[in-house]
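Quick one: structure below, then a few questions.
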Amino acid sequence: MRRIYGLLTLLLLPVFWVGLLWLSIKQPGYRKNLSQRLGRNLPLLESSSKQRLWVHAVSVGETLAIAPLVERLLSARSDLSVLITSTTPTGAEQVQRLFGDRVHSAWFPFDSPGAITRSLDHWQPNALILVETELWPELIRQCSYRGITTLLLNARLSQRSLRRYGRLGSLMRNTVTSLHHIACQHVSDAQHFQALGALEDRLSVVGSLKFDMPKLALEQQRDALALDLGTRASGRPVLLAASTHTGEDLLVINAFLKVREEHPSALLWLAPRHPERSAAILALIATAKLTAIRRSSGQTVGDSTEVLLIDTLGELPAFMGLASAVFMGGSLVEHGGHNPLEALVFGKPVISGPFTTNFSNLYQTLEAEGLVSVVGNGDQLAEALSQSLKLEHRERYAAQGPRFVDQHRGALQAQCDIVEAALSA
């Protein structure tokens with residue numbers, strides 16, 4: 001299976017290349033430094049005795065999840081040089097925004113024998129951290145062969161992903177058994193990894209890093225954003241649609257129009273997951289005869305503003321801190337939902353659609369705790385948004401949301417200990 005996989009990666013390389021060029025039509029960032037995807041023309045490293053840690057965080061979500069751990073390691077270990085690789089331009093931008101030149105950054109290589117060999121020869125890491133569900137057979141195999149400690153942190157594996165990976169048989173079984181440790185978010189994740197072939201003594205359940213977000217830093221970002229927007233004393237109810245995907249924007253806009261019948265001063269903040277869709281969304285807003293401004297324009301939100309289109313990256317948690325209620329996108333279409341914890345740490349009412357397989361354990365717990373309103377269509381979304389603006393509803397979330405997050409902290413320290421042990425081995 002390994003030989004077949006290696007041959008397939010070579011045969012599929014032209015398809016991969018065409019796919020990147022296709023994606024670059026809407027996101028030009030995909031064309032940047034393309035040769036790095038093949039392990040070529042990689043940034044030079046300083047020659048020092050520092051230990052080297054390679055962290056792979058695919059995109060924005062994984063980067064934000066692993067950021068507190070990287071921050072702690074950078075603060076505690078002056079003898080550590082960190083490389084963070086990304087797959088998407090938005091992920092790469094997030095790395096630069098969070099860490100700047102404190103870390104090295106590059107594209108993640110295509111998982112073919114040649115690209116992985118060149119990358120490992122260049123980076124020569126002492127340890128590799130993969131985040132969430134990143135199982136790359138060639139990379140993990142070569143790390144195992146070279147004696148590079150490989151960790152899967154903040155790991156999650158849904159039932160659907162288990163079935164998909166399970167079809168790869170011995171290839172994936174050998175991949176997960178080569179991992180030195182898998183730190184899982186939930187018991188069900190550990191069970192799924194074990195069913196895939198992971199060794200029980202290399203599994204642990206430590207919770208999600210996303211609970212360990214730095215609240216003080218988030219509050220400071222929120223306050224700075226409030227001053228920048230000029231909305232601190234506006235008193236208007238603000239509905240935030242966070243990380244929406246194609247097919248949801250019109251549902252959100254129509255729901256907002258219904259909410260305005262009861263709350264005519266309401267303001268909609270609409271943040272698409274992929275800002276390159278902004279032009280299409282602005283057309284929908286114009287059709288609805290709503291007045292909109294783009295966050296990137298630098299305009300100040302005024303009394304006449306009805307919609308703020310958030311077409312920037314890195315500010316969404318701060319916007320959650322200012323909103324009256326938050327709808328988590330990617331959940332009214334079959335994408336799998338997005339992480340609602342930043343809304344809860346600020347005590348904001350959370351609304352979601354039914355498609356939350358990316359965070360199924362978390363949403364099940366939230367539903368049992370009464371900390372999420374699950375809706376199935378646009379009409380139900382409008383009703384839930386109106387309900388979320390009621391004082392008693394908001395007061396309940398303000399008290400229970402932060403408490404829920406605090407009760408589940410601790411994954412950061414546990415996973416830092418795992419990394420420290422790996423670097424000391």
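None of the values given here were measured: they were computed from a predicted structure. Every heavy atom of this structure was used, including side-chain atoms; hydrogens, water molecules and symmetry mates were not.
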Modelled atom types, side-chain donor and acceptor of T90 and E93, under 3.5 Å: no
Between OG1 on residue T291 and CG on residue D303, distance to nearest 0.5 Å: 12.0 Å
Residues which pass salt bridge (charged side-chain N to carboxylate O under 4.0 Å, His left out) with K210, listed by chain and number, not counting sequence neighbours: E132
Step-by-step ring-ring contact (aromatic ring centres under 6.0 Å, His included) determination, H186 to H192: CA-CA 10 Å; H186 301 281; H192 292 160; over 10 Å; no
Note, L135 side chain near Y165 side chain (heavy atom, < 4.5 Å): yes
R409 side chain near V405 side chain, heavy-atom distance below 4.5 Å: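 R409 reaches V405 side chain to side chain.
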Pair S278-R294, side chain to side chain contact (heavy atoms under 4.5 Å, CB included): steps then yes or no: CA-CA 9 Å; S278 294; R294 297 173 70 140; 3.5 Å; yes
For D111, all residues meeting salt bridge (charged side-chain N to carboxylate O under 4.0 Å, His left out), sequence neighbours excluded: none
Check: Q96/S105 side-chain N/O donor and acceptor closer than 3.5 Å: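 Judged by distance alone, the side chains do pair up.
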Plane angle bin for F108 and W54 - parallel if under 30°, tilted between 30 and 60°, otherwise perpendicular: tilted
Salt bridge (Lys or Arg N to Asp or Glu O under 4.0 Å) evaluation trace for R295 with D311: CA-CA 6 Å; R295 169 63 176 155; D311 57 348; over 6 Å; no
Heavy-atom side-chain contact between T63 and S59 under 4.5 Å: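 No, too far: nothing below the 4.5 Å cut-off.
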Counterpart residues, salt bridge (charged side-chain N to carboxylate O under 4.0 Å, His left out), relative to R118 (two or more places apart): none
E248 side chain to G330 backbone, donor-acceptor under 3.5 Å: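 Such a contact is found between E248 side chain and G330 backbone.
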Side-chain heavy-atom pair W269, M320 within 4.5 angstrom cut-off: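 No, too far: nothing below the 4.5 Å cut-off.
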Evaluation steps, side chain to side chain contact (heavy atoms under 4.5 Å, CB included), between L130 and I140: CA-CA 10 Å; L130 301 169; I140 293 170; 3.8 Å; yes
Check: G166 main-chain N/O paired with R173 side-chain donor or acceptor under 3.5 Å: no
Steps toward side chain to side chain contact (heavy atoms under 4.5 Å, CB included) verdict (N377, Q380): CA-CA 5 Å; N377 54 50; Q380 292 177 8; 3.3 Å; yes
Validation row: F327, L239 side chains within 4.5 angstrom (heavy atoms): no
Pairing residues for E71 by the side-chain hydrogen bond (donor to acceptor under 3.5 Å, both in side chains) criterion, not counting sequence neighbours: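 Residues passing side-chain hydrogen bond (donor to acceptor under 3.5 Å, both in side chains) with E71: R102.
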Neighbour count above 12 (heavy atom, 6.0 Å) for R160 CZ: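 It does not: R160 CZ has 12 such atoms or fewer within range.
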What side-chain donor-acceptor pairs closer than 3.5 Å can you find for residues 349-358, not counting sequence neighbours?
| unit_1 | atom_1 | unit_2 | atom_2 | d |
| --- | --- | --- | --- | --- |
| N358 | ND2 | H335 | O | 3.4 |
| N358 | ND2 | G337 | O | 3.3 |

Positive for side chain to side chain contact (heavy atoms under 4.5 Å, CB included) with L128, one of L53, T85, L139: L139
Ring geometry between W123 and H104 (parallel below 30°, tilted from 30 to 60°, perpendicular above 60°): tilted
side-chain hydrogen bond (donor to acceptor under 3.5 Å, both in side chains) involving S35 - partner list, sequence neighbours excluded: N41
Side-chain heavy atoms of P340 within contact of V372, under 4.5 Å: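 Side-chain contact under 4.5 Å: no.
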Under 3.5 Å side-chain donor-acceptor pair for R403 and Q400: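 Q400 and R403 do not have a side-chain donor-acceptor pair below 3.5 Å.
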Evaluation steps, side chain to side chain donor-acceptor pair (under 3.5 Å), between E138 and T9: CA-CA 10 Å; E138 184 62 27; T9 59; over 6 Å; no
Backbone of M328 reached by a side-chain donor or acceptor of H338 within 3.5 Å: no
T175 and R141, any side-chain heavy atoms less than 4.5 Å apart: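 Result no, sub-4.5 Å side-chain heavy-atom pair not found.
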Show which side-chain atoms of residues 382-393 pair as donor or acceptor with protein atoms under 3.5 Å away, not counting sequence neighbours.
| unit_1 | atom_1 | unit_2 | atom_2 | d |
| --- | --- | --- | --- | --- |
| S386 | OG | A382 | O | 3.3 |
| Q387 | OE1 | K390 | NZ | 3.3 |
| S388 | OG | L385 | O | 2.6 |

Distance in Å, Q415 CD paired with I66 CD1, rounded so as to fall on 0.5 Å steps: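 Interatomic distance, Q415 CD to I66 CD1, rounded to 0.5 Å: 6.5 Å.
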Spacing of CG belonging to L45 relative to CG belonging to L83, to within rounding of 0.5 Å: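 Spacing of CG (L45) from CG (L83) equals 7.5 Å.
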Partners meeting side-chain hydrogen bond (donor to acceptor under 3.5 Å, both in side chains) with T177 (sequence neighbours left out):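 Scan of T177 (side-chain hydrogen bond (donor to acceptor under 3.5 Å, both in side chains), adjacent residues dropped) gives none.
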Partners meeting ring-ring contact (aromatic ring centres under 6.0 Å, His included) with H263 (sequence neighbours left out):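 Residues passing ring-ring contact (aromatic ring centres under 6.0 Å, His included) with H263: none at all.
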Gap separating the CD atom of E62 from the CD1 atom of I84, nearest 0.5 angstrom: 12.5 Å
Polar side-chain atom of D189 near backbone of C184 as donor-acceptor pair, under 3.5 Å: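 Side chain of D189 to backbone of C184, a donor-acceptor pair under 3.5 Å: no, none is there.
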Aromatic F193 / basic R202 pairing, under 6.0 angstrom, 45° off normal: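 No - R202 does not lie over the ring of F193 by the 6.0 Å and 45° rule.
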Expected output: side-chain S204 to main-chain V206 donor-acceptor under 3.5 Å: no
Check: K26 side chain, E276 main-chain N or O, donor-acceptor pair, under 3.5 Å: no
Residues in side-chain hydrogen bond (donor to acceptor under 3.5 Å, both in side chains) contact with D121, at least two apart in sequence or another chain: R146
Partner residues of R277 under the salt bridge (charged side-chain N to carboxylate O under 4.0 Å, His left out) criterion, sequence neighbours left out: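 In terms of salt bridge (charged side-chain N to carboxylate O under 4.0 Å, His left out), with neighbours along the sequence ignored, R277 is linked to D249.
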Side chain to side chain, M213 and L341, heavy atoms closer than 4.5 Å: yes
Gap separating the NZ atom of K348 from the CG atom of L371, nearest 0.5 angstrom: 14.5 Å
Flag for W136-E134: side-chain donor and acceptor within less than 3.5 Å: yes
A224 backbone acceptor or donor facing D228 side chain under 3.5 Å: no
Gap separating the CD1 atom of I281 from the OG1 atom of T246, nearest 0.5 angstrom: 7.5 Å
Donor + acceptor pair across side chains of Q413, R72 (<3.5 Å): yes
CD/E219: more than 12 non-hydrogen atoms of other groups inside 6.0 Å: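 Yes, CD of E219 has more than 12 neighbouring heavy atoms, counting only those of other groups under 6.0 Å.
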Where at least one partner belongs to residues 15-38, residue pairs that pass ring pair (Phe, Tyr, Trp, His ring centres under 6.0 Å), sequence neighbours excluded: F16-F110
Least distance between heavy atoms, L251 atom then L381 atom: O-CD2, 4.1 Å
